[in-house]
Amino acid sequence: MRILTVGGGGREHAAVEALYRSGAEIYSVMKNANPGIIRRAKEYKLISERLIDDICEFAIEHDVGYAFIGPEAPLEIGLVDALENIGVKCAAPTKDAARIETSKAFMRELVSKYNIEGNIKYAVFLDAEEAEKYIKGLTFEIVVKPIGLTGGKGVKVQGEHLNSHEEIMAYVREIIGTVGMGGVIIEEKLIGEEFTQMVFVDGKHIAPMPMVQDHKRAYEGDVGPNTGGMGSYSDANHLLPFISEEVRNKALEILRNIVEAMNTEDCPYRGPMYGQFMLTKTGPKIIEINARFGDPEAMNVLPLLENDFLTLIKDMTGGKLREDVKFKNLATVCKYVVPVGYGTVSDSGHEIRINEDGIHELNAEVFYANVDLIDGKLFTGTSRSIGVVGIGETIEEAEKKCEDALGFIVGDSICVRHDIGKRELIQKRIDRIKNLLS
Ligand code: AMP
Ligand code: GLY
């Protein structure tokens, strides 16, 4: 079976490996020359993932039947609609259905309209004076975000990134004044622990993946600017050390209700769906719903997938998904190697060297991301460079493996958040939740 893959990051490399294990014939488009994808693809084309006509032409040229689309940007501009028009079945949402991610206002309004649990106080503005009046009347702390896509980096939190009314208003004005951001959304600031629950969706049914915790802040100790995610871990029982089965079921119920509401709204959702939640004193609350796999989270779950990924993709597009998608009961820790400055201004364009055999001898996984293969050498781009995943019986074992594997990657001006998956950081999270819930 011929399948088109779109995207050149770590998430897409992990998906391509899972498709390769399924025996798929892979045809890839991506903007950077990702060596992990290139080696698995029958053909590939290096173009922007937003060039819909060129991507359709490539799909026709290679007669692909299905498509897997990794990033959100092409979903926002209707790549799925265009591919479906030429008969390519997509395990990804249409432009309308992708609004669950591409418009934070659409998501919050849908969840309100259908009285789905997990919503929070929010308000949407296109006018800075209106926003200021609202903010002045508030008795709780807030988070300020653009309504549209920001690659995970446009969120500013009061008390962390915004420390005075003036700072808040300057950011509100900046967002409102920037074309393409779609206005500003002011949300109640949630206190608790974040977690990711992803599900496969076929328009009606959902099938859960193991839970994962990502680390959005750029620096160790969870400080610094927000990033696309510096690394993540998952546990062997598919819960997280601070999450009970009951909390997981609530999160799944919220996602099930969103899928049902989208059906009722006549924009059925197909593809992987990503729920980002905060476990608070009053239960799990929705931070964000994404219309795709998380990155890095895809690198935690896809290596554990026991089902055939290509069959899963067909089932998602054909409305035939079964609830019991199987994953190995193993723990994973993923750490991203990133260019110094990632999250603010990346120092990119440096050579990075990797001993893949050494990593594979450890039974660890490596997923290439925003790197470019030029004349047989690898160079860093401005985004995350290489994801390394340790897999083990426990998080501790997986973390150690990941660290050992990281020793096989060297380069100038690269860094890693080494605290991810370490006992001390996880214990801090367990204690925080214990205190919060007591
Ligand atoms: P997002 O791009 O919506 O995933 O947000 C990036 C990060 O900002 C999240 O991972 C949270 O750490 C933080 N964040 C977003 N929304 C909220 C909220 N309502 N309350 C507290 N933190 C938030
Ligand atoms: N890991 C965060 C995201 O994919 O949005």
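Atoms within each ligand, like the ligands themselves, are counted from 1 in listed order. Keep in mind the model is a prediction, meaning the values are calculated, not measured.
By the criterion of a heavy-atom distance under 4.0 Å, neither the backbone nor the side chain of Asp214 is placed next to ligand 1. Only side-chain heavy atoms of Lys145 come within less than 4.0 Å of ligand 1; its backbone N, CA, C and O stay farther off. When non-hydrogen atoms are compared, ligand 2 lies under 4.0 Å from neither the backbone nor the side chain of Arg11. Counting heavy atoms closer than 4.0 Å to ligand 2, residue Asn290 contributes side-chain atoms (C-beta onward) but none from N, CA, C or O. When non-hydrogen atoms are compared, ligand 2 lies under 4.0 Å from neither the backbone nor the side chain of Gln276.
The residues Glu253 and Lys250 are annotated as not salt-bridged, no charged nitrogen and carboxylate oxygen being separated by less than 4.0 angstrom. A salt bridge does not link Lys285 with Glu188: every distance from a Lys NZ or Arg NE/NH1/NH2 to an Asp or Glu carboxylate oxygen is 4.0 Å or more. Between Lys133 and Glu130, at least one side-chain nitrogen of the basic residue sits less than 4.0 Å from a carboxylate oxygen of the acidic one, meeting the salt-bridge criterion. Ion pairing between a basic and an acidic side chain is recognised when a charged N comes within 4.0 Å of a carboxylate O; Asp419 and Lys428 show no such pairing. Between Glu356 and Arg39, at least one side-chain N (NZ, or NE/NH1/NH2) sits under 4.0 Å from a carboxylate O, which counts as a salt bridge. At a threshold of 4.0 Å, the pair Glu265-Lys113 counts as salt-bridged, since one of the basic side-chain nitrogens sits closer than that to a carboxylate oxygen. Under the 4.0 Å criterion applied to side-chain N and carboxylate O atoms, Glu167 and Lys156 are not assigned as salt-bridge partners.
Within the listing of ligand 2, atoms 1 (N) sit less than 4.0 angstrom from a heavy atom of Pro296. Those atoms of ligand 1 that come under 4.0 Å of a heavy atom in Met278, given as number and element, are 21 (C), 22 (N). Close approach to Ile120 involves these atoms of ligand 1, each under 4.0 Å from a residue heavy atom: 19 (N). Atoms of ligand 2 lying under 4.0 Å from any heavy atom of Asp214, numbered from 1 in the order shown and given with element: 1 (N), 2 (C). Atoms of ligand 2 lying under 4.0 Å from at least one heavy atom of Gly228, given by number and element, are 1 (N), 2 (C). Atoms of ligand 1 lying under 4.0 Å from at least one heavy atom of Lys216, given by number and element, are 4 (O), 6 (C), 10 (O). When each atom of ligand 1 is checked for a heavy atom of Ile287 under 4.0 Å away, the hits are 3 (O), 15 (C), 16 (N). Interface atoms of ligand 2 facing Lys216, defined by a heavy-atom separation under 4.0 Å, are 2 (C). Here is the list of ligand 1 atoms found below 4.0 Å of a heavy atom in Glu194: 9 (C), 10 (O), 11 (C), 12 (O). Which parts of ligand 1 touch Glu188 is read off a 4.0 Å heavy-atom cut-off, strictly below it: atoms 18 (C), 19 (N), 20 (N).
Between Ser232 and ligand 2 there is no heavy-atom distance shorter than 4.0 Å. Ligand 2 lies less than 4.0 angstrom from a heavy atom belonging to Gly294.
Remark: ligand 1 and Arg217 share an N or O pair separated by less than 3.5 Å (distance only, no angle test). Checking only distances, Lys189 never comes within under 3.5 Å of ligand 1, N or O to N or O. The N/O atoms of Glu297, backbone and side chain alike, include one that comes under 3.5 Å of an N/O atom in ligand 2. Checked against a 3.5 angstrom limit, the closest N/O atoms of Leu190 and ligand 1 fall inside it.
Compare Met230, Arg292, His215 by their heavy atoms: the one nearest to atom 3 (C) of ligand 2 is in Arg292.
Shown here are the side-chain contact (heavy atoms from CB on, under 4.5 Å) partners of Glu141, two or more places apart in sequence or in another chain: Gln158, Lys189.
Of the possible polar contacts, none joining the Asn307 side chain to the Val325 backbone as a donor-acceptor pair under 3.5 Å is found. For Ser48 (side chain) and Arg50 (main-chain N/O), a donor-acceptor pair under 3.5 Å exists by modelled atom type.
Side chain to side chain, His205 and Glu323 fail the donor-acceptor criterion of an N or O pair below 3.5 Å.
Relative to the ring axis of Tyr20, Arg40 places its NZ or CZ within 45° and under 6.0 Å from the centre.
Sorted by first then second residue, the side-chain hydrogen bond (donor to acceptor under 3.5 Å, both in side chains) pairs that include residues 95-104, not counting sequence neighbours, are Glu101-Arg292.
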